[in-house]
Protein chains: 2
Amino acid sequence: MEQTQPGDARHRRRTGNEIKAALRDLRIQLALLNHQVGGKLALKDVDLDCLDVLSRNGPLTPSALARQAGLHPATLTGILDRLERAGWIVRDRARGDRRSVTIRVLPDRGMEVFRLYQPMIGAMDDVLTDYTDAELDLIAGFLQRCTEAGRTANGKLTQDS
Amino acid sequence: MEQTQPGDARHRRRTGNEIKAALRDLRIQLALLNHQVGGKLALKDVDLDCLDVLSRNGPLTPSALARQAGLHPATLTGILDRLERAGWIVRDRARGDRRSVTIRVLPDRGMEVFRLYQPMIGAMDDVLTDYTDAELDLIAGFLQRCTEAGRTANGKLTQDS
DNA sequence: CCATATCTTATGAGTTCCGTACTATATGAG
DNA sequence: CTCATATAGTACGGAACTCATAAGATATGG
């Protein structure tokens, strides 16, 4: 029964589990936040997700968006219809491939969204003030690596069986 | 135009924005992951959310769960019906208040879920090995504070207008 | 004992998701 | 050039879902 620094190892594992649990809680809380925001904007959760992906990953075609959002192409038609009708996006006919369509987010209602996220943004700013620059860098890197971990895990789940 | 350490301040703000952007990306990625996992288990996103809340926050009544998940009580009836039919939960008639029902998660299918999350858990473990104990503590604390920030932001959004 | 409040669920209307099929366009072989 | 095949987006229809309303059962306070 070799135990080199048993307390440290145990503490380390416990902290790791805490982090994973915190990530679960955080995901739920953010999902709930988006649900509330979506409610105020008369948008389904899925609509807001698509809008979020679109505004971060630039103009996309419906099929590319469907892939990134894990949705059926036909499902996106309905979503895009809703978003277009409400003035969130426009469908641009591409000039190269005339079958293709590129979805573009209109900037008009951006402030409206920003205002609704303001409570969360403010609360986050409060949290951030308590950390040094170096610590913030560390955290940013960690979060980016988590996202990457999620992406690869997702890939594994998407391809097999 | 007073500029005390202008570079630091700018870098600090930029890192803050990076963190918020990373949080957005992470949320999307985790939502997508849950969507895939849910697909394999024949569960809707909402169903899995409820299951997640239930397994973390212990046995709950439908109304308490509805509040925590931001759903209409009547919606939960349908969700709970599905979850019960598929053997995920049971409805226990409370002995105190006989109007009330407490939802309990059955442990039977826990391993099935764990296996599906394994790619993500493994990827996370890989990420975690690159940090010192002190850094992990810092990260855990940060994530918990983010969750708390989400909770309060949510509260503000829920109550007003 | 009665009025009122609370917890859950049945019902029904409106909406959404997605499998399939269809149109339009692009690409490649002969 | 012509035709077969592949691809992008969407229309359509069935099945399923969400939620407002209301009903049924139980609790609580006067």
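Source: prediction; values computed, not measured. Scope of the values below: all heavy atoms of this structure, side chains included, with no hydrogens, waters or symmetry mates. Letters A, B, ... are given to chains in the order of the sequence lines, protein chains preceding strands, and every chain is numbered from 1.
Going from atom NZ of Lys44(A) over to atom C1' of dA16(D) covers 14 Å, rounded to whole Å. As rounded to whole Å, 16 Å separates atom C1' of dT9(C) from atom CG of Leu71(B). In this structure, the CG atom of Asp49(B) is 11 Å from the P atom of dT18(D), given to the nearest Å. At whole-Å resolution of the value, CG in Asp45(B) and C1' in dT18(D) are 14 Å apart. Atom pair Leu76(A):CG and dC18(C):C1' shows a separation of 11 Å (rounding to whole Å applied). The separation between Ile79(A) atom CD1 and dC18(C) atom C1' is 11 Å, rounded to whole Å. Atom-to-atom, CZ of Arg67(A) to C1' of dC18(C) comes out at 18 Å; the value is rounded to the nearest Å. Here dG9(D) presents its C1' atom at 15 Å from CG of Asp92(A), a figure rounded to the nearest Å.
Within the nucleic acid shown, Ser63(B) comes within 4.0 Å of sugar-phosphate atoms alone, with no base atom in reach, counting heavy atoms only. Residue contacts for Pro73(A): at a heavy-atom cut-off of 4.0 Å it reaches a base atom on one of the strands shown. Across all strands, Arg82(B) comes closer than 4.0 Å only to sugar-phosphate atoms, never to a base (heavy-atom distances). Across all strands, Arg93(A) comes closer than 4.0 Å to no nucleic acid atom at all (heavy-atom distances).
The distance from the CG atom of Leu83(A) to the CG atom of Leu54(A) is 8.0 Å, given to the nearest 0.5 Å. Residue Cys146(A) holds its SG atom at 12.0 Å from CZ of Arg151(A), rounded to the nearest 0.5 Å.
Using a 4.5 Å heavy-atom cutoff, the side chains of Leu48(A) and Val113(A) are not in contact. Residues Leu138(A) and Tyr131(B) form a side-chain contact, since some pair of their non-hydrogen atoms from C-beta on lies under 4.5 Å apart. With contacts defined as side-chain heavy-atom distances shorter than 4.5 Å, the pair Asn34(B)/Arg27(A) qualifies.
Sequence order on DNA chain D of the closest nucleotides to His35(A) and His72(A) puts His72(A) first from the 5' end. Between Asp81(A) and Asp47(B), the one whose closest nucleotide on DNA chain D sits nearer the 5' end is Asp81(A).
Here Thr75(B) reaches the OP1 or OP2 of dC19(D): one of its side-chain N or O atoms lies under 4.0 Å away. Remark: Ser100(A) is not in phosphate contact with dA8(D), judged by side-chain N or O atoms under 4.0 Å from OP1 or OP2. Note on Arg98(B): every side-chain N or O is 4.0 Å or more away from OP1 and OP2 of dT8(C).
The nucleotide whose nearest atom lies closest to any side-chain atom of Asp97(B) is, among dA27(D), dT18(D), dA11(D), dA27(D).
Evaluation of atom-type donor-acceptor distances gives a pair under 3.5 Å for the side chain of Arg99(B) against the base of dT6(C).
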